[in-house]
Amino acid sequence: MLETDVLIIGGGPAGMCAAIEAAKLGVKTTVVEDKDRLGGQLVKQTHQFFGSEKHHAGVRGIDIGVKLAGECSDLKVNALTNTTCTGIFDDGSVGCLRGEEFFLIHPKRIVIATGAYENMLPFPDCDLPGVYGAGGLQTLMNVDGVLPGKTYLMVGAGNIGLIVSYQLMQAGAEVVAIVEALDRVGGYEVHAAKVKRMGVPIFLRHTVTHVSGDGKVERATISKIDGSFKPVPGSEFTVSVDAVCLAVGLSPLIELIAQAGCETRYIPECAGHVAVHDSNMRTSLEHIFVAGDASGIEEASAAMVEGRIAGLHAALDVTHGKADSNELLREFDSQLDELRTGPFGQKARQGKSKLWGLKLPPDEEFEEAPPIIPESGKKPVIECPQNIPCNPCAVSCPTESITIGDNITNFPVLDQGTCNGCGNCVAACPGLAVFLVNRDYSDREAEITIPWELTPPPEKGDKGYALDRTGVAICPATVTKIRRVKKIDKKRLLVAFTVPLDKADEARHFVIVEPKGAEKIETLPPADDIIICRCEDVTQKEILDCFNSGYKSFDEIKRYLRTGMGPCQGKTCQRLILGILARELKTHVSELAPQTVRTPMKPTELEIYASSKEIEPWDFENWQPPGGGH
Amino acid sequence: MRKTAKVVIIGAGCTGAAAAYQLAVKHGEKDVVMVEKDFLAAGATGRCGGGMRQQWSTRGNIRLAQRSISAFKNFQDETGQDCEFWEGGYLLPAWNEEMVEHHHTNIKLQNEENVPSRFVTPEEIKDIAPILDTTRMLGGAYCPTDGKANPFLVVKGWCERAADAGVEINVRTEVTGFKTSGDKVTHVETSRGTIECECVINAAGGHSGVIGKMLGLDLPVAPERHQILVTEPVKHCHDPMVIDLRHNIYFSQANHGSFISGHTDYGVQSSFNIRNNWQFPIQLSRKLCYLAPPLKRLKVVRIWAGLYTMTPDAQPIIGPTPEYPNFLNAIGFSGHGFMLSPVTGTILAELITQGKVTVCPIQEFDIRRFKDGTAGTREANVV
Amino acid sequence: MRIEKHPILDFARGKKVKFTFDGREITGHEGETITAALVAAGVLTLSKSIKLERPRGFFCGIGRCSSCYMVVNGVSNVRACVTPLEKGMDVNTQVGRGEIASC
């Protein structure tokens, strides 16, 4: 048994920040993390963060993770890695599983920062080896350094789908296409631009409808979908791929929150059921706080600030407010406001307003970005078309020629007069969206400098092709220079190449070998049913039959078909089944009861429970019923 | 929802479902409305271990169980629903001379009622249940015709056939009160309207005392939390339900392959609390690992709890209430409602349609036994 | 396949060790997960599902789904995606339900 003042469950960005703020107030702080290191999703994030300096803008996720973990260690936070919290009990104790040991933690306050889980997309044979969630694939690729195939179809053009597509290419894989069910790219346009200029087509209003192969994915069928997300017959085509990566959204992971007895509510803008919480991140149970994706899906930058707020309030409870933190709290609140400005912050703004009973803020439209196209000399071209809260281009500029202004979602403005064409902004832009164009390179040629984070990099003198923003080879190009701006980023290269002068506004990528497009092949007939619950092999048809026999709630279907009774406790199937129920009942998921969550959150061996030191060993040879009698 | 019915059944657990089925399908009484505050088998029925045995220490319980098991055996033929009935037997180990004596006494009583139970040696136990560590056992009581079934499928089968016969089943409908006239209950008030009726069955399980209070009755029942755990499934390797009265634990392997096990909480107080505590999995796992060491690497995937509805003698209360003769109780099964449900349904249907019970004597389940001092011995074979 | 060169990441791998998969000898790196070693060797099917015996491969990567339940050193239902590889491990595809050790 371990006593602590503040216990943080989950050592991702929100959890680490909560721990840092709590520990700064001098209270005993413990973090429980089920991986072997702190960092959460940050450990797989090779891209740089947007935002401002206080949100670690321009720093790669992996490096932010290491930095925050270092701060935790400096502040003497007790970090229990390889430890899973499996239940929160009514007597205030928290059950934990670490290796072969089950033990309890007795905290005064708890911050739940368990993050999110990935949504599954059901289609025939979606359970074949070779269909991966983006998060799982990222772990394999960026933590283990292993790829399960060479060619990929990405499903989903939100930020995760776009970022993981780029990461796949960084790892040397080929992304054949990205399909997106909506009629627009959901992620940042700069992330889309990175993959588009490498020749990856993004098919909007398309989805994967089937995969097939001999015991593993070998082909994927893509179909156009109509306004109600139904496949359009006759529009199918099949591509040869080794794997299909699903990046179809995240749901808040609230198992512990629900099991502990906190009130939960379905908020569509928060992407699912979340703990009801106030702006101090306190749940309906006084001693439990929540932070990060578990309180509603947002970017990691917002999760970190939420973590700080939750950690600080939890610690203030313990010290009975014996610390003046008002100024700090105001600062955190204003940082959150900043991150939630603009069209990309809209969902979070609206979701939290719903939770806090505030007036719903109005929808915001994207502004049209003013084009910055220098006409002569060596100047940056900033292709940042959306109101992303971000400013490293301005911060990196030694001549202060790029300005953002007070509102961080403003577009950057370039003063061409003072700009010396140094290229720091090309090295700094987290979105890889700044290019240096030198129209005065020679009479007939322009030199284009692009940010480069791929393997293998070209070498000076290499001859190849320049690609336009859609990945089409438009002209021959020759590499003139490779360099780094180490004080800004140690890894990113700046690759300069020449193109004919009239291609200066089109050339945005360089390849040595001209890329070939995806090969479309004959369409195969799909299997006639869909696995919805992987653990128990339950199909869509069985669920519909059960529903039609009168069992109309998740808990009823669970009892009759065992959906959600397997080791994953419904993490894959619950969302899908609630969706089926909502459709059949012609209602909304928010009206449906989620399943009852049970301890243990992670299957626990009988022997591990049996050998727990939390109860004195028993003498079976001289058996006496334990206290209380029977 | 109907405005009138001859019979209103409160509760869609196994007892209510059995009564509905018996009334409408077997006894021709189709004017029945069932009200359930949650959904079918949402209470104790859906939370229980699903076992059924004839190895009891009182004649009354033995008889009820015997008749019920034969009904479960014929369940699929009668209802068309497979209820996963499995005749794996029940084994009750004996660890000391006192327990050997206890089992011999009970076996004698059971044999008198034609239950084929017998005393088995540790060697025989090893054959019946190879995963048990028999080193310290002196033997045990074993009945091969005891078994188990899936409670959800049982309730589903009964309710579907009852509904086919005309019973109206209202789920998510909570009873809020009653109207009476003299010693008659005339109306049942629910969250979805009032039903005028001639007769009411209280089959509300853990909440049956609450229903009684709405009529001003102080029914001698007390809800008690019982926790239960289930492991991940493995291939079939264990036949009987094991009940260890010394160590206070039962366990069996379900049809699906999971091991299911529970015990009576130490120092449990009567309440409606069905949340789990951290002590339970530790305590139960210790006993399971001691009894069946090969199971120790199995993982627990879920823990839950349900309510036993206890009576002072751990025997059920079945039949009319003296204060309101048309208000019938089928309550207080003290953890054994599921296995007794088929015969309970028959008793209730006979009482309502014939005014008398022929299936078995029911005096010992009369609620008046607690007031007039005729209550018999407490059932000893309870976990 | 293993990623040998990455523009951003450096992979710290444990020492090479041999283990067996369904009787076949495979080389992996000590300390990486069993699934990482298998996927690197091109093994995609880790188990056959519980009822329909459909092939299942790496999926959640966090030990929460049941897709990578394998029989490791005779023990069933081992979550290969979170179990570190050790020298000489005997790893086998699990078909359907596992078995308890002695039955």
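Excluded from the calculations below are hydrogen atoms, water molecules and symmetry mates; all remaining heavy atoms, backbone and side chain alike, are included. By convention in this document, chain letters (A, B, ...) are assigned in the order of the sequence lines, proteins followed by strands, and residues within each chain are numbered from 1.
- Chain A forms the most heavy-atom pairs under 4.5 Å with one residue out of H6(C), K51(C), R56(C), and that residue is R56(C).
- Neither the backbone nor the side chain of R492(A) comes within less than 4.5 Å of any heavy atom in chain C.
- Interface check for chain C: of the options A171(A), G135(A), P148(A), C568(A), the most heavy-atom pairs under 4.5 Å are formed by A171(A).
- Top candidate by heavy-atom pairs under 4.5 Å with chain C, chosen from Q170(A), M141(A), K216(A), is Q170(A).
- In plain terms, the two heavy atoms of V146(A) and I3(C) that are nearest each other are N-CD1, 4.1 Å.
- The most heavy-atom pairs under 4.5 Å with chain A, out of C65(C), S49(C), A40(C), G61(C), come from S49(C).
- Listed here is the closest heavy atom pair of F11(C) and V143(A): CD2-O, 3.9 Å.
- Note: R54(C) CZ to L128(A) CG = 6.0 Å, rounded to the nearest 0.5 Å.
- The contact between M120(A) and chain C is made entirely by side chain atoms (from C-beta outward), counting heavy-atom distances below 4.5 Å.
- The most heavy-atom pairs under 4.5 Å with chain C, out of D144(A), V538(A), L147(A), come from L147(A).
- Closest of all the heavy-atom pairs between Y132(A) and L44(C) is OH-CD2, 3.8 Å.
- Looking at P603(A), both its backbone and its side chain come within 4.5 Å of chain C, counting heavy atoms on both sides.
- For the options T46(A), T139(A), D489(A), heavy-atom pairs under 4.5 Å to chain C are most numerous at T46(A).
- Of all heavy-atom pairs spanning K491(A) and P7(C), the tightest one is CD-O, 3.6 Å.
- For I531(A), the part sitting under 4.5 Å from any heavy atom of chain C is the side chain, from C-beta outward, and nothing else.
- No side-chain heavy atom of P456(A) sits under 4.5 Å from any side-chain heavy atom of K5(C).
- For K35(A), the part lying under 4.5 angstrom from a heavy atom of chain C is the side chain only.
- With values rounded to the nearest 0.5 angstrom, E536(A) atom CD is found 7.5 Å from S66(C) atom OG.
- In this structure, CZ on F59(C) lies 9.0 Å from CG on D127(A), to the nearest 0.5 angstrom.
- Atom CD1 of residue I8(C) and atom CG of residue N142(A) lie 10.0 Å apart, to the nearest 0.5 angstrom.
- From D34(A), atom CG reaches atom CD1 of I62(C) across 7.0 Å, with rounding to the nearest 0.5 Å.
- Minimum heavy-atom separation, C535(A) to I50(C): O-CG2, 3.2 Å.
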